[in-house]
Amino acid sequence: MSPEISIELIIALTAGAALFGVGVYGALSQTNLVMIMMGVELILAGAMVNILAFWRYLHPDVAAGQMFVLIIMTVMAIEMAVGFAIAIARFRAKGSVEMEEAVDLKG
Amino acid sequence: MTAQAFFIGFFGLASVWFGIVVFRTYSMMRSAIALLFSQTALGAMFLSMQAEFLGVLQIMMMATEMSIMAIFMVMFMMDPGGLGEMDMTHQKRLSLIAGFVSFVGAVAVAVFVDWGPVATTFPDAAQQTVDLGLELLDRSMLIFETAGITILTAMIAATAVAIQPVKKETGKK
């Protein structure tokens with residue numbers, strides 16, 4: 001082990017932070033359900049980069065780091081499946097997936 | 001700067017740039033393709049970090065996922081080509097502030113936290129795959145199986161939600 005700071009780790013974490021920021025902007029600013037899902041995908045992608053970077057540069061001997069990346073990929077797939085199911089149900093019922101028109105969902 | 005740092009930075013920048021393009025274009029097809037490129041650049045970034053299995057998996061999974069997303073885009077959008085330049089955003093200022101603050105906060109944590117000693121030894125691609133396989137079939141088996149069952153449940157639930165009959169409004173009182 002070396003105590004030096006890894007420039008590669010910092011670059012990867014910065015890229016992950018940028019993806020997270022872009023994802024937060026997308027998820028909050030878009031009015032269309034599918035576009036909101038794209039924002040959530042970018043947020044999860046940012047998390048995935050961070051976990052992989054931590055595994056690669058800090059604990060490459062612990063395979064659980066790779067396993068967490070697989071779990072995030074699973075979460076991405078589930079988010080897509082459930083999100084599109086809600087989108088189809090909404091489209092069939094109301095003819096649109098615009099979330100500004102979904103005021104009837106407000107509690 | 002090492003070649004690895006250069007390639008991680010290059011593909012990271014490409015991934016972020018295409019992520020921004022997703023929300024800057026009016027065309028939904030371009031949005032879906034930009035997200036595909038963003039996720040592919042992320043896969044290339046994984047390959048640069050010597051995580052061969054996860055890099056290839058990321059590219060293969062996202063190519064399929066984004067192709068499906070593009071089909072849904074065409075199905076659901078009033079103007080999938082973006083020819084009408086319809087604005088589909090709201091609370092832009094709040095979203096920009098939230099995105100920027102989360103970016104700056106995460107970068108501050110990345111730069112100022114002492115992450116401890118950096119690993120100098122690293123398993124090769126074959127050893128990584130062996131380690132991951134043993135991890136999945138040993139200590140993390142319950143988590144892995146739960147993830148599989150959750151995907152199956154999500155698929156069945158998604159199909160059930162999507163095919164439920166919709167009551168037609170007949171106009172009769």
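Since the model is a prediction, treat every value here as computed from it, not as a measurement. Lettering of chains follows the sequences in order, A, B, ..., and the numbering in each one begins at 1.
Between chain A and the options B:E135, B:H90, B:M155, the largest number of non-hydrogen pairs under 4.5 Å is found for B:H90. Heavy-atom pairs under 4.5 Å with chain A peak, among B:G148, B:A147, B:A157, at B:A147. For chain B, the option among A:L9, A:V75, A:T74 with the highest count of heavy-atom pairs below 4.5 Å is A:T74. Heavy-atom pairs under 4.5 Å with chain B were tallied for A:A53, A:G21, A:G16; the largest tally goes to A:G21. Of all the listed residues (A:V24, A:T14, A:N50, A:I10), the one sharing the greatest number of non-hydrogen pairs under 4.5 Å with chain B is A:V24. Put simply, of A:A85, A:S29, A:A63, A:A64, the one with the most heavy-atom pairs under 4.5 Å next to chain B is A:S29. Per-residue heavy-atom pair counts under 4.5 Å with chain A were compared for B:G19, B:G9, B:S48, B:S38, and the maximum is reached by B:G19. Most heavy-atom pairs under 4.5 Å with chain B, from the set A:V97, A:N32, A:I86, A:V82: that is A:N32. Contacts with chain B were tallied for A:A15, A:G26, A:G39, A:G23; A:G26 has the most, counting heavy-atom pairs under 4.5 Å.
Interface remark: A:M76 contributes backbone and side-chain atoms alike to the contact with chain B (heavy atom separation under 4.5 Å). Residue A:V69 touches chain B through its side chain alone, counting heavy-atom pairs closer than 4.5 Å. The part of A:I71 that comes within reach of chain B is its side chain, from C-beta onward, which places non-hydrogen atoms under 4.5 angstrom from that chain. Of the atoms belonging to A:L33, not a single heavy atom falls under 4.5 Å from chain B. Both the backbone and the side chain of B:T150 come within contact range of chain A, each with at least one heavy atom under 4.5 Å from a heavy atom of that chain. Interface residue B:L35: only side-chain heavy atoms are found under 4.5 Å from chain A. Heavy-atom distances place both the backbone and the side chain of B:M69 under 4.5 Å from chain A. Heavy-atom distances place the side chain of B:L136, and not its backbone, under 4.5 Å from chain A. Residue B:R139 touches chain A through its side chain alone, counting heavy-atom pairs closer than 4.5 Å. Heavy atoms of B:A32 lying under 4.5 Å from chain A belong to its backbone as well as its side chain. When heavy atoms are compared at a cutoff of 4.5 Å, A:M35 approaches chain B by way of both its backbone and its side chain. If you measure heavy-atom distances from B:I20 to chain A, the contacts under 4.5 Å come from both the backbone and the side chain. Neither the backbone nor the side chain of B:F11 comes within contact range of chain A, judged by heavy atoms closer than 4.5 Å.
Annotation: residues 40-47 of chain A contacts chain B through A:E41, A:L42, A:A45 [non-hydrogen atoms, separation under 4.5 Å].
The backbone N or O of B:L54 lies less than 3.5 Å from no partner atom in the side chain of A:Q66, so there is not a single donor-acceptor pair.
Here the side chains of B:Q4 and A:R56 are in contact, with some heavy-atom distance below 4.5 Å. Counting heavy atoms from C-beta on, the side chains of B:M49 and A:Y57 come closer than 4.5 Å. Between A:F20 and B:F103, the closest side-chain pair of non-hydrogen atoms is not below 4.5 Å. By the 4.5 Å heavy-atom criterion applied to side chains, B:Q58 and A:M48 are counted as neighbours. Contact of the A:V34 side chain with the B:S31 side chain is not registered, since no non-hydrogen atoms from C-beta on lie closer than 4.5 Å. At least one side-chain heavy atom of B:Q128 sits under 4.5 Å from a side-chain heavy atom of A:W55. Side-chain contact between B:V109 and A:L13 is absent, with no heavy-atom pair separated by less than 4.5 Å.
Follow the hydrophobic side-chain contacts under 4.5 Å out from B:V130 and you never reach A:M67; the two are in separate clusters. A:V62 and B:F144 sit in two unconnected hydrophobic clusters of ILVMFWY residues. Membership requires side-chain heavy atoms under 4.5 Å apart, directly or through other members. B:L42 and B:I68 fall within a single hydrophobic cluster, where Ile, Leu, Val, Met, Phe, Trp and Tyr are joined by side-chain heavy atoms under 4.5 Å apart, directly or via other members. One hydrophobic cluster holds both B:F46 and B:F6 under the rule that ILVMFWY side chains link at heavy-atom gaps under 4.5 Å. Residues B:F37 and B:V56 do not share a hydrophobic cluster, defined by chaining ILVMFWY side chains whose heavy atoms lie under 4.5 Å apart.
The shortest heavy-atom contact between A:A18 and B:V16 is CB-CG2, 3.6 Å. Minimum interatomic distance between B:A158 and A:A81 (heavy atoms only, all atoms of both residues): CB-O, 3.5 Å. Nearest heavy-atom pair across B:G116 and A:L58 is O-CD2, 4.4 Å.
Aromatic rings of B:W115 and A:F54 (six-membered ring for Trp) have centroids within the 6.0 Å cut-off, being under it.
To the nearest 0.5 angstrom, B:M28 atom CE is 8.0 Å from A:M38 atom CE. Rounding to the nearest 0.5 Å gives a distance of 8.5 Å between CD1 of B:I163 and CZ of A:R92. One finds the CD1 atom of B:I143 at 11.5 Å from the CG atom of A:L70 (value rounded to the nearest 0.5 Å). Rounding to the nearest 0.5 Å places CD of B:Q127 at 11.5 Å from CG of A:D61.
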>> Please evaluate residues A:I78 and B:I151 with respect to the criterion side chain to side chain contact (heavy atoms under 4.5 Å, CB included), reporting the C-alpha separation (whole Å), side-chain torsions for both, the decisive distance (0.1 Å), and the verdict.
In response: CA-CA 6 Å; A:I78 292 171; B:I151 286 192; 3.8 Å; yes
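Remark: the B:T89 side chain and the A:Q30 side chain contain no N/O donor-acceptor pair separated by less than 3.5 Å.
Other residues, nucleotides and ligands place no more than 12 heavy atoms under 6.0 Å from the CZ atom of B:F100.
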